[in-house]
Asker: 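Quick one: the structure is below, questions incoming.
For the numbers below, each heavy atom of this structure counts, side chains included, while hydrogens, waters and symmetry mates do not. Note that the structure is predicted; figures quoted are calculated from it, not measured.
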Amino acid sequence: MTDRTRMRPAPSNLSSPPASPASITPMNPALTLLAATQPSDLGGARAANRLHYQRDWVLCKILELHEAGRDYLVVCDYHDDVLVLDASASCSQVDFYQIKTKQDGQLTLKRLLKRKKLKTSLAPSILGKLFAHRLRFPGVVSGTTLVTDKPPKLEATSPPPIDQRTRFTAIDVAANQQTQILAALNTELATSGTLKLDATLAFEVSNLPIAEHATFAKGRLAEFLDRADPNEHHPVAALYRAVVDEIERRSDDERLCTSPDDLFKHKCVSRTMFGDVLARCLRMRRDETSRRVNSALRSALQPLGVGAIGVRSLCQAVMRYEIQRIGGDKRYRILTKKAAEWIASAPPSDPRTTLEILEAGCSVLRALSEGQALSDEDLKAIVAWELFDESKTTSAQPEEDSQ
């Protein structure tokens with residue numbers, strides 16, 4: 001049996017997405033100072049497993065901040081791994097987080113203070129880089145926290161021992177080790193012995209495991225959604241992928257931000273942004289568009305001999321796209337419009353099978369710069385949506401972005 005899918009015309013009411021306002025950034029002193037100060041480095045090569053762990057830690061942190069009701073801004077990979085501050089116009093304090101994992105064993109004091117030799121200098125130590133924020137942003141740093149997957153191998157001033165704690169500060173560390181830390185930091189930061197340790201230098205042991213950290217993060221997201229609305233069916237896997245893609249996009253962006261607006265747009269996840277994606281995701285799920293698209297997709301592909309795994313992979317991509325298309329990402333607006341226009345340009349009776357159409361459409365979208373970072377399945381999902389969504393309200397652009 002062969003499939004002859006007729007390509008439906010694209011809607012005639014195509015229009016450009018609404019223009020963004022000139023400024024969407026709360027001009028608080030903290031964000032302004034972060035934007036005005038050039039980072040000591042702009043990313044670089046990092047192990048994929050560490051990046052993925054950090055991504056999932058950020059997601060869990062966002063869920064924590066969101067459920068606590070805090071109007072937050074989370075800055076990804078700018079000045080340090082993660083920065084957290086308030087979005088209010090009066091905010092003048094920032095929490096800096098550095099995330100370190102170790103597959104085997106624990107981080108020792110020697111490792112925390114070690115400086116690798118570079119060609120012409122020494123790299124900052126783990127604690128040196130963290131503590132240096134106090135010198136670069138005097139009066140702005142409310143906390144500097146080293147996050148690890150296992151407790152560092154340090155001694156405590158009093159019971160319980162360090163390896164039985166999930167959070168402790170520099171003043172909880174044994175006096176002799178505090179002395180070693182201060183001596184090393186004063187030398188590294190050239191402060192002539194003026195540094196002092198206090199409770200704002202903290203250590204946090206994350207319960208996010210190295211193995212299966214994505215599964216753990218999805219579980220946290222599922223619990224968060226169930227608490228928010230226990231009677232709703234939540235697309236956990238698709239929503240997880242959509243959110244962590246946004247976190248990765250901000251983390252991977254190595255541009256130098258020269259204004260608070262730049263920093264907000266390219267490096268921040270805000271409460272408003274995350275909450276809007278959640279709310280709009282749930283509204284869209286209620287109309288079950290992706291289920292209708294997936295049902296039509298299965299019916300078209302199964303007679304063509306496409307295996308169950310291949311069909312399931314494409315259907316999962318459709319569910320991801322359902323959320324991505326409402327997330328405000330300009331890439332998806334461009335790809336969606338291109339897919340709609342390409343489908344509309346086909347002859348009234350197209351002789352190609354659905355599979356051939358998806359593959360051809362994937363090639364068309366792949367040729368765009370916006371499509372080069374996406375997988376084949378994700379590009380085919382965009383084509384499938386425009387091919388099979390027969391909703392009268394469907395257009396070649398997502399809903400209006402919320403600012």
Asker: Does any non-hydrogen side-chain atom of L379 lie less than 4.5 Å from one of R366?
Answerer: yes
Asker: Is the shortest side-chain heavy-atom distance between L34 and V140 below 4.5 Å?
Answerer: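 Answer no - side chains too far apart.
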Asker: For the residue pair R220 and F224, would you count it as a cation-pi contact if the rule is NZ or CZ under 6.0 angstrom from the ring centre and within 45 degrees of the ring axis?
Answerer: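 No - R220 does not lie over the ring of F224 by the 6.0 Å and 45° rule.
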Asker: Write out all pairs satisfying side chain to side chain donor-acceptor pair (under 3.5 Å) with one or both partners inside residues 150-165, taking only residues at least two apart or from two chains.
Answerer: none
Asker: So which atom in D86 and which in L73 form the shortest heavy-atom distance, rounded to 0.1 Å?
Answerer: O-CD1, 4.2 Å
Asker: Who are the ring pair (Phe, Tyr, Trp, His ring centres under 6.0 Å) partners of F274, not counting sequence neighbours?
Answerer: H66
Asker: Start with the C-alpha gap between R249 and E246, add the side-chain angles, then the distance that decides, and say whether salt bridge (Lys or Arg N to Asp or Glu O under 4.0 Å) holds.
Answerer: CA-CA 5 Å; R249 188 162 65 90; E246 288 302 307; 2.7 Å; yes
Asker: Less than 4.5 Å apart, any side-chain heavy atom of E64 and any of R70?
Answerer: no
Asker: Distance-only, no hydrogens or angles: does the Y53 side chain make a donor-acceptor pair with backbone N or O of L208 under 3.5 Å?
Answerer: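 At least one qualifying donor-acceptor pair exists.
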Asker: Could you note down all residue pairs passing ring-ring contact (aromatic ring centres under 6.0 Å, His included) where residues 152-193 supplies at least one of them, sequence neighbours left out?
Answerer: F168-F203
Asker: Just say parallel, tilted or perpendicular for the rings of Y321 and W385, cut-offs at 30° and 60°.
Answerer: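 Answer is perpendicular, since the angle exceeds 60°.
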Asker: Does D149 reach the main-chain N or O of S206 with its side chain, forming a donor-acceptor pair under 3.5 Å?
Answerer: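 Pair absent, no side-chain N/O of D149 close to backbone of S206.
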Asker: Taking C-beta and beyond as the side chain, do L358 and L297 meet within less than 4.5 Å on heavy atoms?
Answerer: yes
Asker: With respect to D77, which candidate in K267, Q54, R250 satisfies the side chain to side chain donor-acceptor pair (under 3.5 Å) definition?
Answerer: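 Only one option passes, and that is Q54.
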Asker: Name the one of D80, D95, T37 that satisfies side chain to side chain donor-acceptor pair (under 3.5 Å) with H133?
Answerer: D80
Asker: Is it the case that the side chain of R55 and the backbone of D245 share a donor-acceptor pair, with hydrogens and angles ignored and the cut-off at 3.5 Å?
Answerer: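 The answer is no, because no donor-acceptor pair under 3.5 Å joins these two groups.
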